[in-house]
Amino acid sequence: MTPRSKGYIALTTTSFVWGTTWVVSKIGLHDMPALQMAYIRQLIAGLCFVSFFMLVKKIAWPTKKQFAWLFMLAILMFVFANGLSTWSLAYIPTGLGALIGALYPLSVVIIERLFFHSQKMTTLTYLGLFLGIGGVGIVFYENAFDHGGTSFFFGIMLALVAMLAWSLGTVFIARNKANINPYYGTGWQMLISSAILLIWSETSGQTIPYADITASAWLVIIYLVIFGSIISFVAFIYSMKRLPAAVASLYAYFNPLVAMVIASVVLKEKLTIHILWGALVTLGGVFLVNYSIKKNKSQTIAEPEI
């Protein structure tokens with residue numbers, strides 16, 4: 001088997017596993033609070049990454065400057081993005097949560113344009129933004145009849161804040177580089193966020209005694225750690241090394257579809273032709289926005305100096 005073929009296997013693994021984590025997280029919420037499940041997952045996964053790089057690879061402790069950088073990313077990417085997206089699943093359908101999460105490239109473009117004036121907005125970009133938001137609107141409209149109410153809109157708010165936090169984290173990484181191994185840094189972000197989420201969940205009363213955590217809930221956490229945080233992450237990095245970036249990034253378009261289909265089978269969540277079309281329209285809009293950005297960058301590089 002060629003390295004390229006292995007890359008496609010890794011891409012398939014990433015697309016499928018990260019799609020299933022939405023469904024598995026939803027299942028776990030039947031037995032324990034969301035923030036508690038998130039901090040336990042991140043604590044275990046973070047310890048795995050940090051222990052490996054410190055004990056096996058002999059990497060030193062982060063410097064004060066690196067720790068400040070890691071702390072900011074931990075809040076954006078894991079406390080708010082991961083923690084709130086998990087919490088949102090207690091109130092909204094799995095597929096809708098995954099679809100809102102897939103909108104982050106759109107908000108990155110808007111943030112860059114509004115605050116840094118660094119994104120050139122073309123007709124293709126505006127079309128992508130319109131389709132992305134419109135597609136989510138279709139899915140939202142279809143689900144609102146079945147899940148309407150204060151809790152449903154609270155879940156939507158949590159999902160949107162989580163998506164915006166991921167977008168801000170993406171912009172922060174692009175504009176503030178740190179000389180640290182990215183995998184080692186991810187482990188530290190998980191550990192820092194687990195401590196913050198622990199305090200948050202305890203002070204807000206969103207916990208249950210460890211003795212009351214069911215065996216099925218522990219199985220959910222184990223799955224999220226091994227498959228969602230370790231195997232799929234390694235597979236993603238491998239696919240990025242073996243495949244063109246445009247191909248390796250396709251996982252982001254499959255995740256919501258995988259989540260929707262599996263949730264309809266396992267959780268009996270509503271999946272109509274309108275919801276599927278809405279999802280496809282949304283992902284098509286995200287694709288157009290990404291394509292327009294890459295096209296603008298390539299044209300800028302190709303332009304001769306005057």
Side-chain angles (χ1 to χ4, degrees), residues 10 12-52 73-74 76-102 155 158-159 162-163 165-166 169 183 186-198 200-201 206-208 210 212-237 251-252 254-256 258-263 265-267 269:
T12 302
T13 301
T14 303
S15 302
F16 179 77
V17 173
W18 274 350
T20 63
T21 55
W22 290 91
V23 180
V24 174
S25 295
K26 181 86 168 184
I27 294 173
L29 295 181
H30 292 297
D31 296 318
M32 66 185 304
L35 296 183
Q36 185 176 27
M37 182 171 69
Y39 86 67
I40 294 176
R41 169 194 179 180
Q42 291 172 20
L43 174 63
I44 298 173
L47 285 173
C48 291
F49 276 112
V50 172
S51 298
F52 174 78
L73 282 180
L76 291 173
M77 307 295 266
F78 288 96
V79 174
F80 287 116
N82 183 269
L84 295 189
S85 63
T86 302
W87 191 7
S88 73
L89 294 179
Y91 308 103
I92 63 176
T94 309
L96 180 57
L99 195 60
I100 292 175
L158 289 175
M163 182 270 294
W166 188 269
Y183 316 133
T186 297
W188 272 108
Q189 290 170 48
M190 290 178 177
L191 284 182
I192 295 169
S193 64
S194 67
I196 297 172
L197 285 171
L198 168 61
W200 186 359
S201 59
Q206 299 188 56
T207 60
I208 60 174
Y210 288 103
D212 292 341
I213 299 177
T214 64
S216 60
W218 281 116
L219 288 175
V220 163
I221 293 173
I222 291 172
Y223 181 90
L224 292 174
V225 170
I226 296 177
F227 291 93
S229 298
I230 298 178
I231 292 180
S232 58
F233 186 78
V234 172
F236 170 67
I237 297 301
Y251 79 92
F254 291 111
N255 285 349
V258 171
M260 284 183 172
V261 172
I262 295 180
V265 175
V266 177
L267 303 176
E269 290 188 357

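Residues: numbered from 1 along the sequence shown. Just so it is clear, the structure is predicted and the values come from calculations on it, not from any experiment.
Distance CD1/Ile196 to CZ/Phe78: 12.0 Å, rounded to 0.5 Å. Leu43 CG to Leu197 CG: the interatomic distance, rounded to the nearest 0.5 Å, is 10.5 Å. Rounded to the nearest 0.5 Å, atoms CG (Asn255) and CG (Leu99) are 11.5 Å apart. Taking CD1 of Ile100 as the start and CE of Met163 as the end, the distance is 7.5 Å to the nearest 0.5 Å. Here the straight-line distance linking atom CZ of Phe227 with atom OG1 of Thr13 works out to 10.0 Å at 0.5 Å rounding. Taken to the nearest 0.5 Å, the CD1 atom of Ile221 stands 12.0 Å off from the CD1 atom of Ile226.
Summarising the geometry of Ala74 relative to Gln189, their closest heavy-atom pair is CB-O, 3.4 Å, with the distance given to 0.1 Å. Of all heavy-atom pairs between Leu29 and Ala90, the closest is CD1-N, 3.5 Å. Here the shortest heavy-atom pairing between Ser201 and Leu35 reads CB-CB, 3.9 Å. Closest approach of Ala159 to Ser88, counting heavy atoms only: N-CB, 3.8 Å. The nearest pair of heavy atoms linking Ala165 to Ala81 is CB-N, 4.0 Å.
A donor atom on one side chain and an acceptor atom on the other are not found under 3.5 Å apart for Thr21 and Tyr223. A donor atom on one side chain and an acceptor atom on the other are found under 3.5 Å apart for Ser193 and Gln42.
The side-chain heavy atoms of Ser229 and Met190, taken from C-beta on, include a pair separated by under 4.5 Å. Tyr210 places a side-chain heavy atom less than 4.5 Å from the side chain of Ile40. Put simply, the side chain of Ser85 does not reach to within 4.5 Å of the side chain of Leu158, judged on heavy atoms. The shortest distance between side-chain heavy atoms of Asn82 and Arg41 falls below 4.5 Å. Side-chain contact between Ser232 and Phe16: absent, with no pair of heavy atoms (C-beta onward) separated by less than 4.5 Å. Under the 4.5 Å side-chain criterion, counting only non-hydrogen atoms from C-beta, Trp166 is not in contact with Leu76. A 4.5 Å side-chain heavy-atom check between Thr94 and Met260 finds every atom pair outside the cut-off. Using a 4.5 Å heavy-atom threshold, the side chains of Asp31 and Ile213 count as separate.
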Do Thr12 and Phe254 pass the side chain to side chain contact (heavy atoms under 4.5 Å, CB included) test, and can you show the C-alpha distance, the side-chain angles, and the key distance before you say yes or no? CA-CA 9 Å; Thr12 302; Phe254 291 111; over 6 Å; no
With side chain to side chain contact (heavy atoms under 4.5 Å, CB included) as the test, would you mind laying out the steps for Leu224 and Val24 before giving the verdict? CA-CA 8 Å; Leu224 292 174; Val24 174; 4.2 Å; yes
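Under the side chain to side chain contact (heavy atoms under 4.5 Å, CB included) rule, Val23 has a single partner from Leu89, Leu267, Val265, which is Leu267.
Checked against ring-ring contact (aromatic ring centres under 6.0 Å, His included), Phe49 has the following partners two or more places apart in sequence or in another chain: Phe233. Under the ring-ring contact (aromatic ring centres under 6.0 Å, His included) criterion, Phe236 pairs with Trp18, Tyr251, not counting sequence neighbours. Checked against side-chain hydrogen bond (donor to acceptor under 3.5 Å, both in side chains), Ser15 has no partners two or more places apart in sequence or in another chain.
In this pair, Tyr91 and Trp87 present their aromatic rings tilted. The plane angle is within the 30 to 60° band.
Within the 3.5 Å criterion, the main-chain N or O of Ile92 finds a donor-acceptor partner in the side chain of Lys26.
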